[in-house]
Each structure stands twice: as structure tokens, then as C-alpha cells.
Amino acid sequence: MSVNSIPRSWKSPKRAFFLSPPEIVAPNLLGSILGHQTPTALLAGRIVEVEAYLGPHITTTPDPAAHSFRGPTPRNAVMFGPPAHAYVYFIYGMHYCVNVTCEPEGMAGCILIRALEPILGRDQMAANRNLPATTSDFNLTSGPGRLCQALAITRPQHNGLDLLAPESPLRLFQDDFSQAPHEVTPRIGIRHAADLPLRFSLAGHPCVSRSPARPSGSTPKNEF
DNA sequence: GCAGTGATTTGCT
DNA sequence: GCAAATCACTGCG
């Protein structure tokens with residue numbers, strides 16, 4: 001049997017890292033590793049694309065695209081909880097998406113993980129996606145719904161988990177990965193506040209979900 | 001380009 | 001209580 005174990009070089013980030021606003025945490029999450037320890041395999045991928053969603057306490061830049069915009073509900077309760085927890089939601093009747101909460105409890109900052117580069121358990125990821133092992137990394141984990149299917153992340157099993165707890169099956173790690181320059185562009189697939197530059201991706205990485213549409217007349221670097 | 005799919009929320013009685 | 005609108009997506013044409 002081939003059960004991968006967590007490499008010794010992978011360290012959990014500090015909780016304090018997640019106390020900052022999502023537009024600050026999000027770019028620093030690029031290059032980190034999301035790992036899911038299933039009963040039979042460790043599935044892990046490097047984060048290459050994220051989006052920040054601002055909590056409703058931010059009145060200078062309202063974010064009506066955020067699930068937290070209208071305040072706490074049963075669905076989004078985890079967003080208003082402590083930082084570095086998983087907020088998993090179900091959308092369009094068939095897809096799960098996974099977010100990382102940030103900011104102190106009550107403030108509902110959130111970061112959507114949009115794309116990964118597969119690192120461990122790639123064959124199992126392909127099986128989870130009902131794709132041949134020969135499929136590309138892009139097909140496997142490029143897109144928020146795809147990566148949840150590949151890593152077998154669901155709301156019933158993973159919503160609300162602490163991503164820094166050693167006993168949690170779903171965890172975040174950092175290693176000595178040297179981060180490539182990142183791009184900052186508008187978020188994808190939303191109706192409201194579609195112009196805010198809150199999408200962060202590793203420039204030119206093949207697993208980034210799509211070619212970033214840059215706001216016209218501006219450079220795509222660090223311009224929040 | 002657009003159909004599929006169902007949880008969630010909102011806005012009415 | 002119930003109906004309708006909404007939705008941070010994916011895969012197929």
C-alpha cells in the first residue's frame with residue numbers, strides 16, 4: 001500500500017499569519033500546500049491561484065460578491081469564526097469550493113483557493129476526477145470545483161476544520177518553495193464588485209485556471 | 001456559446 | 001409556509 005506521509009520539511013504556518021486582511025494574506029498563501037489526509041492516501045497540491053473576499057466590516061470597499069456581505073447565516077457561519085479554518089460551500093448543484101478564513105473572529109475575511117499544482121497522490125486525484133492518470137495538471141486541479149473533487153473535499157466532511165491542527169485531515173503547510181512573482185487581477189465568475197483587483201496568481205504557472213483578464217489601462221502587479 | 005443541478009436566501013402571503 | 005431568484009462552476013458543443 002502506498003500511503004504518503006507528510007514530509008518533514010512541511011511546516012504549519014503561524015496562526016498570526018491569518019490575522020491580517022484577506023487581500024494581505026491571499027498573495028502570501030501562493031506557494032503554500034493544501035493537504036488532505038484520506039484513509040488511503042495523502043493528497044496534496046501547491047496553491048497557485050487565490051481570490052480574496054472582504055468581510056462586511058470593511059465599509060470603505062464594500063464587497064457584495066462575498067458570501068458574508070449580508071451578515072452571518074447558517075451557511076456562512078464558519079467565515080465569522082476563528083482564522084485559518086476551512087469554509088466549504090456547495091454551488092450550482094454540483095460543485096464544492098474551499099476557502100481559508102482570515103482576520104480575527106467576527107470579521108469574516110476569506111480566501112478562495114482557485115487552483116493547485118498536484119504534488120502528492122496525483123493518481124488518486126485523477127481517479128477522484130474520473131480522468132485518466134495521463135490527464136494534464138491543468139485538467140486535474142485548475143479551478144475551485146475541480147480541485148475540491150480531486151482532493152475529495154466536501155462540505156459535510158470538511159467545513160469548519162482547523163487547517164493548522166495536527167489532527168485535522170485537511171491542513172495547510174509551507175516549505176522552502178521560492179515564490180514566483182504573482183499577478184493581481186480582477187476576480188472571476190462574479191457579478192458584483194467584478195472590478196476589484198483581488199485575484200492573485202503565480203505569473204505564468206500552467207495550473208492557473210485561466211489567462212488573467214487585467215483591468216484595462218493598468219499594470220497587473222500589486223495594485224490593491 | 002449555454003445547460004445542468006440543488007442548496008440557500010429572500011420576499012412574498 | 002411557499003415560490004422564486006440567485007449562485008465565487010464545469011463540461012460540452
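Every chain is numbered from 1, with letters handed out A, B, ... down the list of sequences.
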Open item on the list: Tell me whether the ring of A:Tyr53 lies stacked over the C:dA8 base, given a 5.5 Å limit on centroids and a 30° limit on the plane angle.
Closed with: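 Yes, A:Tyr53 stacks on the base of C:dA8.
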
Open item on the list: Check this for me: A:Arg70, atom CZ, are more than 12 non-hydrogen atoms of other residues, nucleotides or ligands nearer than 6.0 Å?
Closed with: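 Count not over threshold, so no.
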
Task: Co-membership, hydrophobic cluster, residues A:Leu112 and A:Val50, 4.5 Å side-chain - done: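 No, because A:Leu112 and A:Val50 fall into different hydrophobic clusters, even though each may have its own neighbours under 4.5 Å.
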
Open item on the list: Under 4.0 Å, heavy atoms only, any strand: does A:Arg75 hit a base, just the sugar-phosphate, or nothing?
Closed with: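 Touches sugar-phosphate only.
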
Open item on the list: Regarding A:Tyr92, tell me which of base, sugar-phosphate or nothing describes its non-hydrogen contacts under 4.0 Å with the strands shown.
Closed with: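 Base: the residue A:Tyr92, judged by heavy atoms under 4.0 Å, touches a nucleobase.
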
Find the distance [X]:[atom1] to [N]:[atom2] and express it as a whole number of Å.
X        : N      : atom1 : atom2 : answer
A:Ile153 : C:dC9  : CD1   : P     : 16 Å
A:His67  : B:dT8  : NE2   : P     : 11 Å
A:Ile91  : B:dT9  : CD1   : C1'   : 13 Å
A:His95  : B:dT5  : NE2   : P     : 11 Å
A:Arg70  : B:dG11 : CZ    : C1'   : 12 Å
A:Arg199 : C:dA8  : CZ    : P     : 15 Å
A:Tyr87  : B:dA7  : OH    : P     : 15 Å
A:Leu140 : C:dC9  : CG    : P     : 19 Å

Under 4.0 Å from OP1 or OP2 of [N]: is there any side-chain N or O of [X] that close?
X        : N      : answer
A:Arg191 : C:dC7  : yes
A:His192 : C:dC7  : yes
A:Arg129 : C:dT10 : no

Task: Distance-only donor-acceptor test (3.5 Å): side chain A:Tyr89, base B:dA7 - done: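 Answer no: no donor N or O sits under 3.5 Å from an acceptor.
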
- [ ] Please state whether the rings of A:Phe90 and A:Tyr96 are parallel, tilted or perpendicular, taking 30° and 60° as the class boundaries.
- [x]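 Plane angle between 30° and 60°, so tilted.
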
TODO: Over 60° means perpendicular and under 30° means parallel, so classify the ring planes of A:Trp10 and A:Phe173, tilted if in between.
DONE: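 Ring orientation of A:Phe173 relative to A:Trp10: tilted.
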
TODO: With DNA chain B as reference, determine whether A:Met94 or A:Arg155 sits nearer its 5' end, using the nearest nucleotide of each.
DONE: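 Going by which nucleotide is closer to the 5' end, it is A:Met94.
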
Open item on the list: On DNA chain B, compare the nucleotides closest to A:Gly93 and A:Thr73; which residue's is nearer the 5' end?
Closed with: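 Here A:Gly93 is the residue nearer the 5' end.
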
Open item on the list: Please determine whether a side-chain nitrogen of the Lys or Arg among A:Asp162 and A:Arg15 lies less than 4.0 Å from a carboxylate oxygen of the Asp or Glu.
Closed with: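 Salt bridge between A:Asp162 and A:Arg15, a charged N being under 4.0 Å from a carboxylate O: yes.
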
Open item on the list: Pairing check on C:dG11: which nucleotide meets the Watson-Crick or G-U wobble criteria with it, both distances under 3.5 Å?
Closed with: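 Checking every strand shown, C:dG11 finds its partner in B:dC2, with both distances under 3.5 Å.
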
